[in-house]
J.: 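Mind having a look at this structure? Questions to follow.
Residue numbers begin at 1 in each chain, while the letters A, B, ... track the order of the sequences.
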Amino acid sequence: MSEITITLPDGNSRKYAAGVTGMDVAKDISTSLAKKAISCSVNGEHRDLSREIEADAAFAIHTMQDDAQALELIRHDCAHIMARAVQELWPDVKVTIGPVIKNGWYYDFDREEPFSTEDLVVIEKKMREIINKKDPVRREVWDRARALQFYRDNNEPYKVELIESIPGDEDLSMYWHGDWQDLCRGPHLVHTAQVPGDGFKLMSVAGAYWRGDSDNAMLQRIYGVAFKNKNDLKAHLNMLEEAAKRDHRKLGREMDLFHMQEEAPGQVFWHPNGWRIYTTLQDYMRRMQTKGGYVEVNTPQVVDRKLWEASGHWEKYQENMFIVEVDEEHAREKAVNALKPMNCPCHVQIFNHGLKSYRDLPLRMAEFGSCNRYEPSGALHGIMRVRGFTQDDGHIFCTEDQIESETKTYINFLSEVYRDLGFEEFKIKFSDRPEKRSGSDEVWDKAEAALLSATRAAGIEPEMNHGEGAFYGPKLEFVLTDAIGRDWQCGTHQVDFVLPERLDASYVGQDGNKHRPVMLHRATLGSFERFIGIMIESHAGKLPFWLAPRQVVVASIVTDANDFCLDVVEALNAAGIRAEADIRNEKINYKVREHSLGKVPVILAVGKKEVEDRTVTVRRLGEKKTVVMSLDEITAELFQAALPPDMLRN
RNA sequence: GCUGCAGUAGCUCAGUGGUAGAGCGCGUCAUUGGUAAUGACGAGGUCGGGAGUUCAAUUCUCCCUUGCAGCACCA
């Protein structure tokens, strides 16, 4: 047997016979280390301690101190332990897969009966029993035939299907947690008791399609979260509780911003407070776009299906469009229209109207375009995913040569807007050709290469999102997250060689001939609805002063101050500040509480003293202390604070 | 759309096979107060909609609808 050299992280090396296990090495280093060891890294590959090492290797032992490895293993072993618990409780349940996800894991089961909340409690208890048994984790490598036979014998059809779909013919690793077994890549902990019995919790049950395909059977997915100890778990659960308080649906009600109702599912009734946010944001976007060289247009809501057929949307999205039919019974003629689900074909109509010259390019066309899409009922989510919304849409008609500079300019534009609105950081994803698409592969090659190189030229290496592009072109997605960490695509930037062709857009080039322009589709906020939802959550309702729907409440302390109170409001309003008087017959404590809960950034209290001195007592949201200021001082200060970021720059 | 859960006063929620209750909010009155809830009294609900079972349904069953979590979808 040959000798191998194991090099430890501190640079020291030790010699062993080939086939030594990680655990052997750990024991050799020290008994206490071996006791604490959970896994190891061999040449950077995370592995079980029981696996044999056959060649010279860089080697490291992992303990619970190594967060990344410890959490991965705890969560992964939780998945196996939960599946074992479920099958011990209900032997007829079929197992499928159970990966580690952010903060925890899930496992998908096929079971006739739905799992109930009570079942989760029972499963958790069973899991703790298994953990306490301190069952060893064992790994074996089987060839495919044996694994397939095993799962056929054990009546686990999903496992059979999994193995059959794994390409190649390499051997498969099988893991045992006690007597319970699962097909798994590993690695795993040494024994079940290394999972902290008080560090995990089962969270919820939900349906999920087998292999993520809605044509397949629906399985039952149980989600769990797991951490290294009870305190970390508690902290996580606490965080979720806090995040729930920032939910835009809750804050929207509390701040009286908007409501939704059964008669118009997925559509927003904006209340005065919410609409003030919306219009303030729209005014800002309009100024920014004007400065960015866009011309603003507006296009029809109800458009004949012919246009959607020409653009290709009818074929691909018909089921998701609101169809508006006119027939002889109701009108004198028959027509099939659709509510505009997006603005691009309409913008091409404007572009096509009259001859365009190469001198007109790039032509940046913008619209605050109202769109309606019949989104699947299960997709609706507060004001983040709705059926009626308004995009800050824009299309840049340009030449191929201009794609790179226009893309760079746009990324800078979007970054400035996001920074202004409080988002310094955001994810950028690059989505390339989907399976169902329009346009030849050559055109797609060209579009993808152009967008990717332009993005890199802007200094960005996007996250790859294969197969997720639009049907007419690849896209960049600018993604923000909500209070509990769910991703939402807000901004987008897409390169499109297809629609100009389908809708016959052209311009006259320098050579006097007709040429096809390239279309860049872009939206910065995405939709006002979604972006406002995200902003509400990220600010926990405490919007920056310039966006706050109610900026100032002037509250009287005694009735004798009411007149002065109204004077102060008038002065502030004259300075363009959104101020309201609260001269109700209530105590100042009551008023302060109510407007603090309503997230009003500034409360000005006026009582006898203030009336005499022509001053106000200023209390800012989130602060306990108050300051006395003259009316002129506070007006000047708030005037400045009320300026939108772009106007502040001028 | 799919799986599961839910819909009771404006909001948060309790409750029951014999047509409903709390707190907050709202209204009236008293109170004129100094920075996160002043007190008293009062009004307010065809218990999401429809059908069925029953002497009797808010309660049980079915259908529909909306919402929530997840999946699928997202031009």
J.: Whom does B:U59 pair with, Watson-Crick or G-U wobble, provided both distances fall under 3.5 Å?
T.: none
J.: Exactly one of A:Phe423, A:Phe478, A:Phe426 should register a ring-ring contact (aromatic ring centres under 6.0 Å, His included) with A:Phe531. Which one does?
T.: A:Phe423
J.: Check whether any side-chain N or O of A:Arg373 sits under 4.0 Å from OP1 or OP2 of B:C74, and answer yes or no.
T.: no
J.: In whole angstroms, how far is the C1' atom of B:C74 from the CG atom of A:Asp487?
T.: 14 Å
J.: Describe the nucleic acid contact of A:Arg253 in one word from base, sugar-phosphate, nothing, applying a heavy-atom distance below 4.0 Å.
T.: sugar-phosphate
J.: Between A:Glu367 and A:Asp393, is there a donor-acceptor pair closer than 3.5 Å when you use the side chain of the first and the backbone of the second?
T.: no
J.: Nearest whole Å is fine: how far is B:C2 C1' from A:Trp210 CH2?
T.: 17 Å
J.: Can a side chain N or O of A:Arg486 be found less than 4.0 Å away from OP1 or OP2 on B:A69?
T.: yes
J.: Could you verify whether a donor N or O on one side chain and an acceptor N or O on the other, from A:Tyr418 and A:Thr524, lie under 3.5 Å apart?
T.: no
J.: Can you see if the side chain of A:Lys609 gets near the phosphate of B:G34 - specifically, an N or O under 4.0 Å from OP1 or OP2?
T.: no
J.: Roughly how far, to the nearest 0.5 Å, is the CD atom of A:Gln391 from the CD atom of A:Glu529?
T.: 9.5 Å
J.: In whole angstrom, what separates A:Arg211's CZ from B:C71's C1'?
T.: 16 Å
J.: Name the nucleic acid region contacted by A:Gly473, choosing base, sugar-phosphate or nothing; use a 4.0 angstrom heavy-atom cut-off, strictly under.
T.: nothing
J.: Heavy atoms only, 4.0 Å cut-off, all strands: where does A:Gln220 land among base, sugar-phosphate and nothing?
T.: nothing
J.: Specify the separation, in whole Å, of atom CD of A:Gln261 and atom P of B:G10.
T.: 13 Å
J.: Within a strict 4.5 Å, meaning less than it, do heavy atoms of the A:Leu597 and A:Glu254 side chains meet?
T.: no
J.: With a 3.5 Å cut-off and heavy atoms only, can you find an N or O donor on one side and an acceptor on the other between the side chain of A:Thr617 and the base of B:G34?
T.: yes
J.: Would you classify A:Pro341 as touching base, sugar-phosphate or nothing, given that sugar-phosphate means primed atoms plus P, OP1 and OP2, and contacts are heavy atoms under 4.0 Å?
T.: base
J.: It should be established whether A:His381 places a side-chain nitrogen or oxygen under 4.0 Å from OP1 or OP2 of nucleotide B:A69.
T.: yes
J.: Counting only side-chain nitrogens and oxygens, does A:Ser204 get under 4.0 Å of the OP1 or OP2 atom of B:A69?
T.: no
J.: Between the base of B:G34 and the side chain of A:Glu610, is there a donor-acceptor distance below 3.5 Å?
T.: yes
J.: How many whole angstroms separate atom CG of A:Leu202 from atom P of B:A69?
T.: 20 Å
J.: Per the atom types in the model, does the base of B:G25 pair as donor or acceptor with the side chain of A:Glu594 at under 3.5 Å?
T.: no
J.: Between A:Gly469 and A:Ile603, name the one whose nearest nucleotide on RNA chain B is closer to the 5' end.
T.: A:Ile603
J.: Answer yes or no: side-chain N or O of A:Arg385 and base N or O of B:C73 forming a donor-acceptor pair under 3.5 Å.
T.: yes
J.: Counting C-beta onward and ignoring hydrogens, is there a side-chain heavy-atom pair between A:Leu604 and A:Thr617 closer than 4.5 Å?
T.: no
J.: Within the structure provided, determine whether A:Val568 and A:Cys565 are in side-chain contact (heavy-atom separation under 4.5 Å).
T.: no
J.: Is A:Arg502 salt-bridged to A:Glu315, going by a charged N under 4.0 Å from an acidic O?
T.: no
J.: Taking pairing as Watson-Crick or G-U wobble with both contacts under 3.5 Å, can you name the mate of B:A6, or confirm there isn't one?
T.: B:U66
J.: Taking a pair as Watson-Crick or G-U wobble with both distances under 3.5 Å, which nucleotide is matched to B:C71?
T.: B:G1
J.: Phosphate oxygens OP1/OP2 of B:A36: is one of them under 4.0 Å from a side-chain N or O of A:Arg619?
T.: yes
J.: Reckon A:Val558 touches a base, only the sugar-phosphate, or nothing at all at heavy-atom distances under 4.0 Å?
T.: base
J.: Tell me whether the side-chain N/O atoms of A:Tyr590 come closer than 4.0 Å to OP1 or OP2 in B:U32.
T.: no
J.: Tell me what A:Tyr106 touches on the nucleic acid: a base, only sugar-phosphate, or nothing, going by heavy atoms under 4.0 Å.
T.: nothing
J.: Quick check: on RNA chain B, is the nucleotide nearest A:Pro376 upstream (toward 5') of the one nearest A:Thr559, or the reverse? Name the residue that is more 5'.
T.: A:Pro376
J.: Considering every strand shown, what is the Watson-Crick or G-U wobble mate of B:G44 when both distances are under 3.5 Å?
T.: none
J.: Measuring to OP1 and OP2 of B:G27, would you say a side-chain N or O of A:Arg584 lies under 4.0 angstrom away?
T.: no
J.: Starting at NZ of A:Lys625 and ending at P of B:U35, how long is that distance when rounded to a whole Å?
T.: 16 Å
J.: Does A:Lys475 make a side-chain N or O approach to OP1 or OP2 of B:A75 shorter than 4.0 Å?
T.: yes
J.: The side chain of A:Tyr209 lies closest to which of these nucleotides: B:G1, B:A75, B:G33?
T.: B:G1
J.: Measure the distance from CD1 on A:Ile557 to C1' on B:A36 and round it to the nearest whole Å.
T.: 15 Å
J.: Need the pair for B:U12. Rule: Watson-Crick or G-U wobble, both distances under 3.5 Å, any strand; none if unpaired.
T.: B:A22
J.: In whole Å, I'd like the distance from the CG atom of A:Leu621 to the C1' atom of B:U35.
T.: 13 Å
J.: With both distances under 3.5 angstrom, what nucleotide forms a Watson-Crick or G-U wobble pair with B:A36?
T.: none
